[in-house]
Protein chains: 2
Amino acid sequence: MKPTIRDVASYANVSISTVSRVMNAPETVAEEKRVKVLEAIEALQYQPNAFARGLIYKKSDTLGVMIPDIENPYYAGLIRGMQDAAVVLGHSLMICNTDRDKERTLAYVQSFFEKQVDGIVFASDSLHKEYYEEMQRLRLPYVLASTNAPEYEIPSVDIDDEQGAYEAVKHLIDSGHRRIGMICFPLDKTISGQPRYDGFARALREAGLNKFVSCVAYAEHRFEDAYEAASQLLARHPELTAVFAASDEFAMGLISYLRDRGRSVPEHVSVIGFDNIRMAHMFIPKLTTIEQPTYDIGYRCVCKLHELITTGEVEVLREKLPHRLIIRESTRRR
Amino acid sequence: MKPTIRDVASYANVSISTVSRVMNAPETVAEEKRVKVLEAIEALQYQPNAFARGLIYKKSDTLGVMIPDIENPYYAGLIRGMQDAAVVLGHSLMICNTDRDKERTLAYVQSFFEKQVDGIVFASDSLHKEYYEEMQRLRLPYVLASTNAPEYEIPSVDIDDEQGAYEAVKHLIDSGHRRIGMICFPLDKTISGQPRYDGFARALREAGLNKFVSCVAYAEHRFEDAYEAASQLLARHPELTAVFAASDEFAMGLISYLRDRGRSVPEHVSVIGFDNIRMAHMFIPKLTTIEQPTYDIGYRCVCKLHELITTGEVEVLREKLPHRLIIRESTRRR
DNA sequence: AGGTTTTCTGAAAACCTTTTCAAATTACAT
DNA sequence: ATGTAATTTGAAAAGGTTTTCAGAAAACCT
């Protein structure tokens with residue numbers, strides 16, 4: 001049986017209060033007893049029971065994390081950043097994979113609540129009304145990572161997607177391209193959908209390329225969807241010399257499609273992605289893309305959640321981190 | 001303040017014992033009171049406190065998971081499998097990223113222990129002596145995923161790496177290749193190191209290709225290491241027509257190197273990988289590889305840990321799951 | 001030495017549940 | 001109606017810790 005504070009106390013011939021004090025406020029106990037207790041702890045390999053402490057402190061030092069699709073490499077950096085922040089702030093992370101399924105997400109929230117997590121971070125997925133209402137009901141602190149909620153006052157950290165998309169397309173235009181298409185997320189995706197399309201359209205309009213704002217094909221999240229979308233886009237608009245893919249995975253699907261049709265990148269078509277996932281520089285050709293600071297987003301959003309938990313509020317509600325254009329091999333001057 | 005069982009009891013005009021019974025053994029309480037209690041629970045949105053229950057049941061229904069490198073896509077499938085198994089068995093997962101750092105790993109073990117996890121799964125990383133001893137000391141149940149411990153009696157689930165590697169190289173030989181090299185993990189990696197090399201060597205010897213068993217370059221885990229290793233291997237052995245890469249990421253590093261040297265795959269050199277990570281079929285060329293059933297490994301190892309926790313032992317100690325050769329585009333007949 | 005602070009210590013309450021045990025109530029049999 | 005068995009209920013203990021409070025011991029001052 002695991003030793004308890006009682007065992008330590010009797011081993012050291014003191015009361016349990018003294019043992020507790022040695023661990024939580026050592027300066028208040030006399031030198032002599034303190035070393036006896038320390039010895040007893042060492043001898044018995046005592047470790048305090050987290051349930052008992054949780055009962056008193058009413059917190060678990062654990063944070064719940066909702067990941068929409070753990071297989072998507074985009075989340076790797078995010079998780080790593082969260083981990084590191086969690087370590088320095090003394091939290092543990094409980095990660096779960098929602099598959100973007102509402103019921104499943106709600107079930108996890110429920111489970112997190114019962115396990116008394118101190119807070120939750122929702123990554124990437126839109127904050128659906130159901131989620132919002134459930135979180136209100138449970139009164140659990142939470143933040144949004146890599147997404148935000150325009151309609152509610154929820155702390156979030158992400159990038160300026162509209163501006164990022166704008167810069168991506170601007171890069172294409174500055175490189176001499178005029179006939180530009182896009183592979184886009186469904187517009188109801190709060191973050192990756194509408195804003196990235198808006199950035200695309202703004203860059204085109206600014207350059208007087210209005211007729212191309214409708215050169216868009218839609219894909220859900222995965223490589224295969226993008227491959228399919230690419231086939232539709234190129235069938236409708238064979239004249240395109242450049243395409244903005246709303247994610248690196250889309251870019252890879254697109255490039256694979258082009259390759260299968262005997263057209264090469266960047267010789268025939270320039271492709272720019274979004275995210276800069278790790279694979280972006282391993283792919284052939286290496287992907288030109290907009291880098292999201294995923295590590296920092298993860299790191300910051302855990303800090304923010306911590307802030308929310310400890311102080312009850314956050315300094316800045318919607319935090320935007322800087323993105324960056326990375327020029328590699330999948331785009332070229334025309 | 002969160003409602004407690006007391007609040008429910010007084011709301012329903014019964015004792016707390018009755019409320020508890022309604023939740024844990026409803027058939028023992030009279031219909032009439034039962035509905036009153038249920039109404040009270042609903043009205044107050046009561047949820048039992050996991051700390052208090054943990055104190056009594058001495059378990060948290062939480063499993064700790066050690067992942068060496070969360071950014072490595074290999075682990076994505078593994079985690080997904082674990083998640084799914086955890087859900088059906090009523091567990092939650094606490095995932096952490098060890099960076100293969102011993103101190104960090106030990107610190108996490110410590111933290112898991114304090115949080116009273118019911119068991120731990122170590123993924124992939126070798127079970128170092130320090131880990132083994134610490135786990136003995138803490139007397140926590142644990143299993144190994146995608147690795148095993150030849151020297152200790154620890155439950156594990158993985159594949160037959162030696163045989164997988166053998167089949168990979170056999171495929172190269174059967175396709176007419178004779179001059180075959182390998183990019184290998186350091187041999188002290190219990191699983192990905194020595195056994196995959198042994199499979200490589202066995203296939204070569206069996207085909208009378210003894211002189212090539214030393215055509216090996218070593219890389220740590222990442223793409224960049226493999227790129228570097230490729231340059232060494234090809235510098236020493238420019239005559240190679242095929243290479244067995246001990247992981248898909250190695251294969252990608254190797255192919256990138258070849259591409260940068262103007263040699264293409266599979267036209268000039270055939271490359272076979274190992275793992276079948278998701279990226280393997282997105283890469284250009286699509287990777288021929290040995291598929292590891294990562295999802296199943298994850299799933300099974302959580303089941304196994306559950307078995308170990310509940311019964312105190314496991315049916316089969318070292319479980320091997322089937323692998324499979326997947327032929328795609330990175331290899332061709334010679 | 002006597003009184004007053006200060007330092008140190010232990011008993012007990014609190015945190016929230018489950019479960020045992022005994023008491024109270026009901027149902028049943030004669 | 002009476003005794004017995006079965007059902008239902010609540011009081012209290014247990015689980016392991018932190019913390020308050022009061023008392024004991026030590027230190028200080030005059």
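Labels below follow one simple rule: chain letters A, B, ... track the order of the sequence lines, proteins then strands, and each chain is numbered from 1. These numbers come from a predicted model, not from an experiment.
- Among the protein residues, B:T4 comes within range of the sugar-phosphate backbone only, with heavy atoms under 4.0 Å from sugar or phosphate atoms but none that close to a base.
- One N or O donor and one acceptor, one from the side chain of A:R21 and one from the base of C:dG10, sit under 3.5 Å apart.
- Of all heavy-atom pairs spanning B:K304 and B:V316, the tightest one is NZ-O, 2.8 Å.
- Taking atom CD1 of residue A:I56 and atom C1' of nucleotide C:dC15, one finds them 6 Å apart after rounding to whole Å.
- Computed from coordinates, the A:I5 CD1 to D:dT18 C1' distance equals 8 Å when rounded to whole Å.
- Within 4.0 Å of B:S20, counting heavy atoms only, lies at least one base atom of the nucleic acid.
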Residues 141-155 of chain A, side-chain donor-acceptor partners within the protein, below 3.5 Å, at least two apart:
residue: A:S146; atom: OG; partner: A:Y74; partner atom: OH; Å: 2.3
residue: A:N148; atom: ND2; partner: A:D158; partner atom: OD2; Å: 2.8

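- In this structure, A:K115 atom NZ and C:dC16 atom P are separated by 20 Å, rounded to whole Å.
- The phosphate of D:dT8 (OP1 or OP2) has no side-chain N or O of B:T28 nearer than 4.0 angstrom.
- Evaluation of atom-type donor-acceptor distances gives no pair under 3.5 Å for the side chain of B:S15 against the base of D:dA11.
- A:K115 and B:S92 form a side-chain donor-acceptor contact under 3.5 Å, judged by distance and modelled atom types alone.
- Taking only side-chain atoms of B:S17, from C-beta outward, the nucleotide of C:dT19, D:dT17, C:dC16 with the closest atom is C:dT19.
- Within the structure, a side-chain polar atom (N or O) of B:R53 is placed less than 4.0 Å from OP1 or OP2 of C:dT18.
- With the nearest nucleotide of DNA chain D identified for both B:K33 and B:I16, B:K33 has the one nearer the 5' end.
- A straight line from CD of A:Q116 to P of C:dC15 spans 15 Å, rounded to a whole angstrom.
- With the nearest nucleotide of DNA chain C identified for both A:V14 and B:Y57, A:V14 has the one nearer the 5' end.
- In this structure, the side chain of B:T311 does not engage the main chain of B:L308 through any donor-acceptor pair within 3.5 Å.
- Classification of the A:H91-A:H306 ring pair by plane angle, with boundaries at 30° and 60°, yields perpendicular.
- With D:dT17, C:dC16, C:dC8 as the candidates, the nucleotide lying closest to the side chain of A:A30 is C:dC8.
- D:dT30 is paired with C:dA1 under the Watson-Crick or G-U wobble criterion, all donor-acceptor distances under 3.5 Å.
- OP1 or OP2 of C:dC16 has at least one side-chain nitrogen or oxygen of A:K58 nearer than 4.0 Å.
- The OH-C1' distance, from A:Y46 to D:dG16, rounds to 7 Å in whole Å.
- Rounded to whole angstrom, the span from the CG atom of B:L55 across to the C1' atom of C:dT19 amounts to 14 Å.
- A straight line from CZ of A:R6 to P of C:dA11 spans 10 Å, rounded to a whole angstrom.
- Rounded to whole Å, the distance from CZ on A:F51 to C1' on C:dT17 is 12 Å.
- Smallest separation of non-hydrogen atoms from A:D61 and A:K59: OD1-NZ, 3.0 Å.
- At least one side-chain nitrogen or oxygen of B:N24 sits closer than 4.0 Å to the OP1 or OP2 atom of C:dT18.
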